[in-house]
Amino acid sequence: MTFLLDGFDTDPGDAGLPGAASHTPAVDEALLAGLNPQQREAVLHRGPALLIVAGAGSGKTSVLTRRIASLIQTREAWPSQILAITFTNKAAAEMRERVQQLVGGAADGMWISTFHSACVRILRRQAEAMGLKTAFTIYDAADSRALLKRIIKELEVDTLGLTVPSVAGKISKLKNELGDVDSYARGVNADDPADVAFLEVFRRYTDGLRRANALDFDDLIAETVHLFRAFPEVAALYQRRFRHVLVDEYQDTNHAQYALIRELTRPILPQHVPADTRTRVDATGGIPGASLTVVGDSDQSIYAFRGADIRNIVEFERDFPETRVILLEQNYRSTQNILDAANAVIANNFDRQEKKLFTTVGAGEKITGFTGYTAYDEAQFVADEIQALHEAGAAYKDMAVFVRVNSQTRALEDILIRSAIPYRIAGGTKFYERAEIKDAMAYLIQVANPADDLALRRIMNTPKRGIGPATEAALQAHADRIGTPLRETLRDAGQLGLGPKVTKAILDLGVILDEVEAMVPTSPPAEVLTELLVRTGYVEALRATRDPQDEVRAENVEELLSFTKEFTKRNPDGRLIDFLTEVALVAAADDIDDASGTVTLMTLHTAKGLEYDTVFLTGIEEELLPHRISAGEVGGIAEERRLFYVGITRAKKRLYLSLAMTRSQFGDTAVALPSRFLQEVPPELIDWRQSPGALELRATNLSGRRRDASADGRPGRRDGARRPTFSYSTSLPPGPSAAREKREWTSAVTNTVRDNGDLTLASGDRIRHADFGEGRVVAVTGQAPKAVAEVQFDTAGRKRLLIKIAPIEKL
DNA sequence: TGATTTAATCGCACG
DNA sequence: GATTAAATCA
């Protein structure tokens, strides 16, 4: 290893060689306008390795884009020699756009993409070397789970504690560590039946992927690393091409990604340098490694659960000698109050590099705290505040509501709908995860990659053709016998002794797939999809059912069709496989559309990298943030704290911290405790509208049915002393007493929903609301069924209500 | 045999 | 609450 690192030694005579020189380039001052000294240096430093420790909101995107622009402007690098890696496609698109603004069309030849997209590009070009066809398909998490489910069922190993999620997680972890079946087999514990069984599942899963000509998400990275290691001359191709590698969000890289970066920036040995190279060689006849720039913040590392290794950034200096480290601590996003809260919270994580964010914009408003009785109560507070801010001139699009888990959005959605506040959910149930979209995609995948059995099984009986489980099993048995993909067996249906009706259905499907497959090479994706949908009668079948939801589903499929058309507009030469790749790689954070005039709901994870004027951080409760599952994992609490930190630092002007005293989960209602993290925020920074203590007191007086934490049999852990002293855990008793108690809280909001039909209200009407009591209608806007009434309640203040569904009656 | 209805189970974040 | 297995219907 050492001899390779020697290649990083710089030769002073090589000033013109990209990536090897250490000097200050002559960069246009305009490119540096508005940068502070540290940012400036981060743009201008030249050398083999640069680590930019960028605190939240410190302008790192600006630094990265200008650094890229400076390389191009000074002619130190061609655009094609630059590889910039971001965390999401959205971040990549944004970076490309900002670089474009700085250098114009020169940005076109650069690779600015996610790890996964970059690897797919490399793998498609070099797929033959890996024994794959270039049209390999990409299995998303759901596809992988479907395959695992079949295997686990087949082997009947679920009794050994091998569940689909546990096995999927373990395989993913192994692949992130660049492990494979063989390496696992060497270390397997032969005395442990569960371990042996896991190995068999892993082996069959790997075989299944290979036979289906498919790669899962983790393979995309790992296989690229394996490719580079197995074929140094292939690696040399990319090492020679990319002279500048830049990686954003480096704290969230896993081992495989780290290895990939290592391979890409490795010096090229003389024997792998082609004779006709135009890149300058060093004294030994080799080519020095590419210049590497990484940007990250270990305080924002929130993906350890999926294999991100914080050591990658902590030990960067050791891994890459001659690293220059630059700290960016000045924050250009938030007020000092928000930063003080963030600094105070993150200071509770020991073992971190000291870093304190500061700003020059002033203290700003205090943080607002609120404790609701229930999640609905909390949601009502959020909705009321959003409405008040909106009326004061704030745009909906500048506000965001963060949740720890997706299930929290339900109460928020209910209330936002009732309050007639426009909102959207980033991530959530993603478009491409809907059943009808997966169906349509499976058709496309089948004709692009006929080896993909998983896709074929999905569509074999969708729409209904009378091909049931028994028939499928017969086809599968035949496929196993003759050793071909399932698809091949469709043609042989006549030989299997099936009923005439079923046989015809199978043959017909086979003919459709074959004929559509033949048009793939010459037709754009939209035509292929249309042909499939029409000939299989998929949309028609949806429209024919009684289920009103199916109408929406049919529309979704048509939206997918328009996506394919859009795709072709963007990429006139785009093939079907390119479209499928793009879809496979879209992520939750990618579909956040800033332009729309709506409040955005999202998880804290999705929020990373974003910023909003106003941020509502909801559900700041024990068991939720920190999430209960994190308690059992090493460093789990610290990671949850970073998640809280990430949430706080998204806010530019206003931050709200809210929680509920009770939270309903899985049907029953449980008492929730204020999060320990709340106590880490300096009390003088929070202005409580309703503090946890105030409600706690009342709850005590009223219920008197508390049990101590020890009663539920969970021994106190190391961090037990830090838990709030009023620790208890019990279910709220249902029945009349609970209902009566609820009425004691004037702001208690229930989840009552009603269909008022075509009830019409006019200004001046008196109404009674199930939660807010009586009030007078002040104004009515909009058309039924979306008409909104503005009501001045006698005790609950002014609210906006969607008339059709509000629990109200006219008096 | 396949389609439809009913009961039972299980829940974290994501490219 | 959504998904999935068992039970019943055609």
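Note on naming: letters A, B, ... go to the chains in the order of the sequence lines (proteins, then strands), and numbering restarts at 1 for each one.
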Q) If you pin A:T471 and A:E639 to their nearest nucleotides in DNA chain B, which one's is more 5'? A) A:T471

Q. Mapping A:G468 and A:F305 to their closest nucleotides on DNA chain B, which lands nearer the 5' end?
A. A:G468

If you only use heavy atoms from C-beta on, which nucleotide in [options] is closest to the side chain of [X]?
X: A:H605; options: B:dT1, C:dA5, B:dA13; answer: B:dA13
X: A:T114; options: B:dC14, B:dG15, C:dA5; answer: B:dG15
X: A:K149; options: C:dT4, B:dC14, B:dG2; answer: C:dT4
X: A:R306; options: B:dC12, B:dG15, B:dA3; answer: B:dG15

Q: Flag this pair as yes if the NZ/CZ of A:K608 is under 6.0 angstrom from the six-membered ring centre of A:F87 and inside a 45 degree cone about the axis; otherwise no.
A: yes

Tell me whether the side-chain N/O atoms of [X] come closer than 4.0 Å to OP1 or OP2 in [N].
X: A:N89; N: B:dG15; result: no
X: A:T606; N: B:dA13; result: no
X: A:T603; N: B:dC14; result: yes
X: A:R410; N: C:dG1; result: yes
X: A:N461; N: B:dA3; result: yes

Q: Considering only NZ, NE, NH1 and NH2 on the basic side and carboxylate oxygens on the acidic side, decide whether A:D248 and A:K60 come within less than 4.0 Å.
A: yes

**Q.** Ionic contact status for A:D216 with A:K175, cut-off 4.0 Å
**A.** yes

Using whole Å, report how far [atom1] of [X] lies from [atom2] of [N].
X: A:E472; N: B:dT1; atom1: CD; atom2: C1'; result: 14 Å
X: A:K504; N: B:dG2; atom1: NZ; atom2: C1'; result: 18 Å
X: A:I85; N: B:dG15; atom1: CD1; atom2: C1'; result: 13 Å
X: A:K90; N: B:dG15; atom1: NZ; atom2: P; result: 13 Å
X: A:Q408; N: B:dG11; atom1: CD; atom2: P; result: 18 Å
X: A:E433; N: C:dA2; atom1: CD; atom2: C1'; result: 14 Å
X: A:I221; N: B:dC14; atom1: CD1; atom2: P; result: 18 Å
X: A:E582; N: B:dG15; atom1: CD; atom2: P; result: 15 Å

(Q) Nearest 0.5 angstrom please: A:M602 CE to A:R424 CZ, how far? (A) 8.5 Å

(Q) Are there over 12 heavy-atom neighbours, none belonging to A:E97, within less than 6.0 Å of that residue's CD? (A) no

Q.
Given the structure, check if the side chain of A:R404 and the base of B:dC12 hold any donor-acceptor pair shorter than 3.5 Å.
A. yes

Q) Would A:H627 pass as stacked on B:dC12, i.e. its ring centre under 5.5 Å from the base's six-membered ring centre and planes under 30° apart? A) yes

Q. Hey, does A:Y303 reach any base, or is it just sugar-phosphate, or nothing, if we go heavy atoms under 4.0 Å?
A. sugar-phosphate

Q.
Using modelled atom types and a 3.5 Å cut-off, is there a donor and acceptor pairing between side-chain atoms of A:T649 and backbone atoms of A:Y645?
A. yes

